[in-house]
There are 2 protein chains.
Amino acid sequence: MKTIADIAKLAGVAKSTVSRYLNGGSVSEKMKQRLEAIIEETGYTPNTFAQSLKAKRTNMIGTIVPHLDSYEISQTLTGIDNELRKWNCHMLVTNTNQNIEREIEILYMLAKQRVAGIILLAPQITDAHLQAFNEITVPVLLVGQQHEEVHSLVHNDEEAGYAIGKYIIEQGHRRLAFLGVGEENEAIGIKRKEGFKRAVREANGCEVHFFETGFTMEEAAEGALAVFEGYFPSALICATDDIAIGAVKAAYKKGMHVPANISVTGFGGYAITKMMNPALTTVKLHFMEAGETAARNIIKLANGEDIPKLTYSNFEIIARESVDKRFVPG
Amino acid sequence: MKTIADIAKLAGVAKSTVSRYLNGGSVSEKMKQRLEAIIEETGYTPNTFAQSLKAKRTNMIGTIVPHLDSYEISQTLTGIDNELRKWNCHMLVTNTNQNIEREIEILYMLAKQRVAGIILLAPQITDAHLQAFNEITVPVLLVGQQHEEVHSLVHNDEEAGYAIGKYIIEQGHRRLAFLGVGEENEAIGIKRKEGFKRAVREANGCEVHFFETGFTMEEAAEGALAVFEGYFPSALICATDDIAIGAVKAAYKKGMHVPANISVTGFGGYAITKMMNPALTTVKLHFMEAGETAARNIIKLANGEDIPKLTYSNFEIIARESVDKRFVPG
DNA sequence: CTGAAAGCGCTTACAG
DNA sequence: CTGAAAGCGCTTACAG
């Protein structure tokens, strides 16, 4: 392994000159070419630790996720990693397994490890988070949730909720059910529901009942079973694709056909939604692009550049087979 | 930020003593307690870069994956990360997007970054890989594939293929089709198929046709359509769950019912297989446990300990709804 | 058991 | 534009 001293000796200059060349300092044109040739030839690459020890900063972006096993997280990570690579940065992933205390711990630990920035995919932001953000000097970017005190990148959940609500109403549905999650998750638990409510408010003569369940397909299947007790909506709007998958399963278990007996929609645009029987109508969120944008944003932040406090990521309605058209009398 | 010098001064000793304390060198009992108290109180933690600069090694395990968006990869990563945490190590994930050249590049790059070890989830091992393994001094552990020259951890693909073959034959099926992938992937393309073949060989009067497709659900759907042209198996054995999902989709498209008209099995035990209609009979591979074992093994390797060249991870058949019993005449 | 010193491979004022 | 020197925060022989 060559060091900067080797290169300096080979070039007949001081280490500082080599260092300056490497970091874009002022070096004569002649010297530049000489050094370029030598570095090329020797395959020299600077030792990252020595750099970090001085510069007090690494080329790693810490990424904190609540779990690793969902389409949403995978896609977002893929986007982050792809973009980071372009900037010669690495992604240091840590999984909190939904444990908030661990999340806080990791925030401090990553800061100590001097990552250049932290991308946080957290289901909720608590006071402990806020305190951590303040105490560490590393820039933080929230993805999927927003908070006024932190830079955030979110899917436009309210608008998306509105759009799917409007779509389902346009298809003629008037007896609706919304199967969501707890309000501690602002983006999914509140925003999507509020957007949907807004669409309902604008329409005429809708009956809507709201239900709550968990994030797993199994919980959702049970949650959907609860929906079907006593209330018979013509359409069930689910707050995530996994919830919709559980709901479809529950419907079949009840002997109901989708969409003949009940229409179901999801939220996310997971790959599997296309392959289901019936293929699921859903709101596609662009997770990979969001990840790329997040990476770009955190790098800007790490470089001391300014970015808007809040960035929105887009969505689109994907109409497939799980929604039936209903005739609206009158 | 406190440094080792601060602690030394506070304790009235030399830095070397503090360092020795930290690294388990010989320190008097009295001094140990004094230092423990001071470190506790100041919240001192050593600077990782300075450590790495000297020790020439980090507490990071590089993990190379072909993509991020599959149940298999997610679960394996979760297992790796969980276990690594127990050993105070971090997971540095890099996604190659199925690009072999990138894979090689990253191998060298991680070595340069002085990761303590590398876990490689690669679909295939080429000569370029082997050369890289030899040139870098960092220990490497292969997961999912095996090679005699490298430490490997694999699912017992041959046995698993045998088991599902045996199962399907026990259910009375005799007209079979196997929908697999290319042989460049040894574990999935060869081993699973060979195990299956062995089961068929042991049975009487089976007719089997072999087909090949890609890894995505979409490719598999097309691949399955090709199967159904001219040949009408009573059971279709798929080399992965994603392929099985595509096959089910294709069957429905053809107006065939699963399992009434055709039985289908998968391979993997993805979460979604339980929620499909019908729920998929499959070979469950224990990805998360495999990840944990992989992490434990690479750490041993990094510490210079010896481990067996080849470790097997277990599997189990999960019988669900996608396979019908057939009556075998006499 | 403990300490002084050198050195890991860089960067960064400071002179020139 | 270039170089000598100090220093980043550790660890590790080597003495004592």
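Here is the naming used below: chain letters follow the sequence lines, and residue numbers restart at 1 for every chain.
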For the student: nearest non-hydrogen atoms of A:E292 and A:E83, plus distance:
O-CG, 3.4 Å

Nucleotide-resolved protein contact map, nucleotides 6-16 of chain C, B/S/- at heavy-atom distance under 4.0 Å:
-BBBBBB----

Quick one: look up who C:dA4 pairs with, Watson-Crick or G-U, both distances under 3.5 Å, and put none if it's unpaired.
none

Is the side chain of B:Q145 donor-acceptor paired with the backbone N or O of B:A187 at a distance under 3.5 Å, no angle test?
yes

Would you indicate what A:S28 reaches in the nucleic acid, counting non-hydrogen atoms under 4.0 angstrom: base, sugar-phosphate, or nothing?
sugar-phosphate

How close do B:H90 and B:L84 get, counting heavy atoms only, and between which atoms?
O-CD2, 3.9 Å

How many whole angstroms separate atom CG of B:L35 from atom P of C:dC1?
14 Å

Donor-acceptor under 3.5 Å (B:D81 side chain, B:L77 main chain):
no

A:T58 to A:S52 - nearest heavy-atom pair and separation
CG2-OG, 3.8 Å

Correct closest heavy-atom pair for B:Y44 and B:T3 would be CE1-C, 3.6 Å

Under 4.0 Å: is that the gap between some side-chain N or O of A:T17 and OP1 or OP2 of D:dG3?
yes

